[in-house]
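Everything quoted here is computed from the prediction, not taken from an experiment.
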Amino acid sequence: MMNMQQMMKQAQKMQKQLEKKQAELAETNFTGKSAQELVTVTFTGDKKLVSIDYKEAVVDPEDVETLQDMTAQAINDALSQIDEATIVD
């Protein structure tokens, strides 16, 4: 059975590992894409938006709703990737 001092050392080690993993994740970029890759978005691992890119084919002033839907789809795709990367094994 571990004594309290050993448990504290183990907890500190785990905390440092977690902090390192979070820092690595924050430096990682995740790119989400809509259908046909007409809209792409890039986030950092700490969920900060870096960029949104639109292909000309999706920019239609008379169909803003499709652009909005594709933007949301790309954002959700990137955020799902971040969530998957942050699952602790």
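In terms of the side chain to side chain donor-acceptor pair (under 3.5 Å) criterion, Thr28 has no residue partners (sequence neighbours excluded). Qualifying side-chain contact (heavy atoms from CB on, under 4.5 Å) partners for Gln68, counting only residues two or more places apart in sequence or in other chains: Val64, Glu65. With sequence neighbours excluded, the residues forming a salt bridge (charged side-chain N to carboxylate O under 4.0 Å, His left out) with Asp83 are Lys47, listed by chain and number. Contacts of Asp69 classified as side chain to side chain donor-acceptor pair (under 3.5 Å), with partners at least two apart in sequence or in another chain: none. Considering only residues two or more places apart in sequence or on other chains, Ser80 meets the side chain to side chain donor-acceptor pair (under 3.5 Å) condition with none of them. Taking the side chain to side chain donor-acceptor pair (under 3.5 Å) definition, one finds that Asp53 meets it with nothing, sequence neighbours left out.
Of the possible donor and acceptor atoms, none in the side chain of Glu27 sits under 3.5 Å from a partner among the backbone N and O of Glu24. In terms of modelled atom types and a separation under 3.5 Å, the side chain of Asn76 and the main chain of Ala72 share a donor-acceptor contact.
Interatomic distance, NZ of Lys48 versus OG1 of Thr42, reported as 15.5 Å (0.5 Å rounding). Residue Lys33 holds its NZ atom at 7.5 Å from OG1 of Thr40, rounded to the nearest 0.5 Å.
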Can you give each donor-acceptor pair under 3.5 Å made by side-chain atoms of residues 11-23, sequence neighbours left out, with the distance rounded to 0.1 Å?
from: Gln15; atom 1: NE2; to: Glu19; atom 2: OE2; distance (Å): 3.1

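Summarising the geometry of Ala26 relative to Thr44, their closest heavy-atom pair is O-CB, 3.5 Å, with the distance given to 0.1 Å. When all heavy atoms of Lys55 and Glu37 are compared, the closest pair comes out as CG-O, 3.7 Å. Closest heavy-atom contact between Ala74 and Ser34: CB-N, 3.8 Å.
Within the hydrophobic cluster formed by Ile, Leu, Val, Met, Phe, Trp and Tyr side chains joined at under 4.5 Å, directly or through other members, Phe30 is accompanied by Leu25, Leu38, Val39, Val41, Phe43, Leu49, Ile52, Tyr54, Val58, Val59, Leu67, Met70, Ile75, Leu79, Ile82.
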